Amino acid sequence: MRCLHCGYKEDKVVDSRATQQGSAIRRRRECLKCGKRFTTYEYIEEVSLMAIKKDGRHEPFDRKKILSGVMKACEKRPISMEKMEEIVIQIERAIQKKSDREVSSTRIGELVMEKLKVLDDVAYVRFASVYRQFKDVGQFMEELKGILSKEGSRRKK
Ligand SMILES: [Zn+2]
């Protein structure tokens with residue numbers, strides 16, 4: 001598994017355990033070069049989930065794509081890789097519960113936003129500005145203003 005920090009390809013597993021729901025094995029790995037730790041998840045390959053794009057085309061639900069979007073939104077924010085992975089897992093689980101195992105890409109975006117909103121305001125706005133494609137700039141500014149004033153009042157405390 002390529003190290004997230006330095007790109008080195010060898011690591012050792014320092015801890016291995018089932019996730020709470022038992023649907024995945026979580027492994028803590030330590031890079032043999034830089035010594036930093038990261039987490040991987042091992043899953044049973046399940047019936048593939050489908051994402052429906054805005055133009056109606058179907059494509060397989062792509063965990064990596066969503067994770068990379070989340071990572072971009074969380075750049076330089078105090079959010080651990082584990083938290084980001086957790087967001088993707090939760091979304092995946094939500095889709096798996098649907099009988100048709102299909103979800104629109106718009107809905108995926110909304111789900112990510114819901115999770116980020118709870119986690120980090122800045123990451124949320126970053127993600128929202130790209131994925132929701134706000135109807136107009138005014139709407140975006142409203143959203144931003146709300147968040148900034150919330151931050152302001154938090155700072156005063
Ligand atoms: Zn490394």
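For ligands, and for the atoms within them, numbers begin at 1 and follow the listed sequence. Here the structure is a predicted model, which means the values were calculated and not measured.
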If you round to 10 degrees, what value do you get for the angle at the Zn ion (ligand 1) between Cys31 atom SG and Cys34 atom SG? 110°

Can you tell me the angle formed at the Zn ion (ligand 1) by SG of Cys6 and SG of Cys3, to 10°? 110°

Is Val88 linked to Met50 within one hydrophobic cluster, defined over Ile, Leu, Val, Met, Phe, Trp and Tyr using a side-chain heavy-atom separation of less than 4.5 Å? no

Is any N, O or S atom of His5 under 2.8 Å away from the Zn ion (ligand 1)? no

Taking every heavy atom of Pro78 against every heavy atom of Asp120, the minimum-distance pair comes out as CD-OD1, 4.1 Å

Salt bridge flag under 4.0 Å for residues Lys65 and Glu59: yes

Do you see a donor-acceptor pair shorter than 3.5 Å between the side chains of Ser16 and Arg27? yes

